[in-house]
2 protein chains.
Amino acid sequence: MFSNSSKYAIKAVLYLSLHSSESRKVMVKDISNPINVPQAYIAKLLQELVKEGVVSSTRGPKGGFFMNEHNNNEKVIRILDIIDGEKKLTNCMLSLESCNEDKPCPLHAILGPSRQNILKVLNENSIVDLALSVRKGTAFLPL
Amino acid sequence: MFSNSSKYAIKAVLYLSLHSSESRKVMVKDISNPINVPQAYIAKLLQELVKEGVVSSTRGPKGGFFMNEHNNNEKVIRILDIIDGEKKLTNCMLSLESCNEDKPCPLHAILGPSRQNILKVLNENSIVDLALSVRKGTAFLPL
DNA sequence: AAAATAATATGATAAAAATCATTTTGGGCT
DNA sequence: AGCCCAAAATGATTTTTATCATATTATTTT
């Protein structure tokens, strides 16, 4: 469904959303361990996310990664778009050039609606929304 | 969403469902071209499908691949299970061991239902169903 | 200004997926 | 029986994804 990298990225962002703030930055080594992802790997992913404005960071002593208001309000789909590429979730399920809503391939025909729904949900839910569901106890970690 | 291999496999099976029968077998080279997949590659995939009873074949002169009644009535999901592995579509979207229906991870919580729906559709629709949709003109190729 | 710290950039290695090529086996034909 | 055809089996290569390691740059503290 999603790539390993995307899963890692989501876990990291979720962790930051729950445990960081402008005044409470967290270093890679303190992220990689709790979310169970190799440090060098998650570092690289985080950098991409920072570049795209989904995560914030400052370097030097007392530096680290964190989520500010703006970051927290980004939609979940942005992470997937950045890490896996935008088309991953939208292009034809048989990779047919000519497949579209009007002339769908057989697979598109039967599971187009489900896919649309996934897209919708990912476009509507922001990162805080997920974090909040954990805080409220409707969703669970550990990462 | 699906792996390249799965897409290829579905295309091949669909092609066979539309163009073959017990009395009209078709050779790999005559499949690979129309579905636009390298011959050696699709040959390998077809062999796996034959082994699992989703496709039929006979070798020697006048031999080739084909779909019989039984093959045509297999559900689409079987192809995915065989090529990508059963868990690909069912396991946690964050790869968390402890994620399940009762204690879902945040992602599971928001797009579990969509996924369930995809599973349902793939479990209900058989290969002929897809072929039929093409014959009736509600779905379209070319592959 | 220098030293220490932590992200950033770059790139090397490893593992998995996709692609390609060769040999072997079984079934029909003469 | 021997020959030919086409799938089956095996495995080599290439590409992509995942993982790891090192050097560089920015910031803070002394």
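Throughout, protein chains are lettered first and strands after them, A, B, ... in sequence-line order, and every chain is numbered starting at 1.
With no hydrogens or angles considered, no side-chain donor-acceptor pair links B:Ser3 and B:Tyr8 at under 3.5 Å. No donor-acceptor contact under 3.5 angstrom links the side chains of A:Asn73 and A:Ser126, judged on distance only.
Where B:Phe65 and A:Tyr41 each meet DNA chain D at their nearest nucleotide, the meeting point lying more 5' is that of B:Phe65. Comparing A:Gly63 and A:Lys51 along DNA chain C, the residue whose closest nucleotide (by nearest heavy atom) sits nearer the 5' end is A:Gly63. Projected onto DNA chain C by closest heavy-atom contact, A:Ala43 and A:Pro61 fall at different nucleotides, the more 5' of which corresponds to A:Pro61.
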Determine whether A:Lys120 and A:Glu124 satisfy the following criterion, salt bridge (charged side-chain N to carboxylate O under 4.0 Å, His left out), listing intermediate values before the conclusion.
CA-CA 6 Å; A:Lys120 181 163 176 285; A:Glu124 285 174 354; 3.3 Å; yes
Could you give me the CA-CA distance, side-chain angles and deciding distance for A:Glu52 and A:Arg78, then say whether salt bridge (charged side-chain N to carboxylate O under 4.0 Å, His left out) is met?
CA-CA 9 Å; A:Glu52 300 286 337; A:Arg78 289 226 49 216; 3.7 Å; yes
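D:dA8 atom P lies 10 Å from atom CD1 of B:Ile31, rounded to whole Å. In this structure, CZ of B:Phe66 is placed 12 Å from C1' of D:dA7, rounded to the nearest angstrom. In this structure, B:Glu48 places its CD atom 13 Å from P of D:dT10, rounding to the nearest Å. Here C:dT8 presents its P atom at 11 Å from CG of A:Leu49, a figure rounded to the nearest Å. Counting to the nearest Å, the P atom of C:dA7 and the NZ atom of A:Lys62 are 13 Å from each other. Taking atom CG of residue B:Leu46 and atom P of nucleotide D:dA6, one finds them 16 Å apart after rounding to whole Å. We find that CG of A:Asn4 is positioned 14 Å from C1' of C:dA14, with the value rounded to whole Å. Here D:dT22 presents its C1' atom at 13 Å from CD of A:Gln39, a figure rounded to the nearest Å.
At a cut-off of 3.5 angstrom, the base of D:dT25 holds at least one donor-acceptor pair with the side chain of A:Arg59.
Among the nucleotides D:dA18, C:dA7, C:dA18, the one closest to the side chain of A:Met27 is C:dA7. Closest contact between the side chain of B:Ala40 and the listed nucleotides C:dC20, D:dA6, C:dA18 involves C:dC20.
Regarding contacts with the backbone of D:dA8, a side-chain N or O of B:Ser57 is found under 4.0 angstrom from either OP1 or OP2.
When heavy atoms are screened at a 4.0 angstrom cut-off, A:Lys44 is found touching base atoms of the nucleic acid. Note on B:Tyr8: only backbone sugar-phosphate atoms sit closer than 4.0 angstrom, heavy atoms only; bases stay farther off.
Side-chain atoms of A:Asp129 never come within 3.5 Å of backbone atoms of A:Asn125 as a donor-acceptor pair (strictly under, hydrogens ignored).
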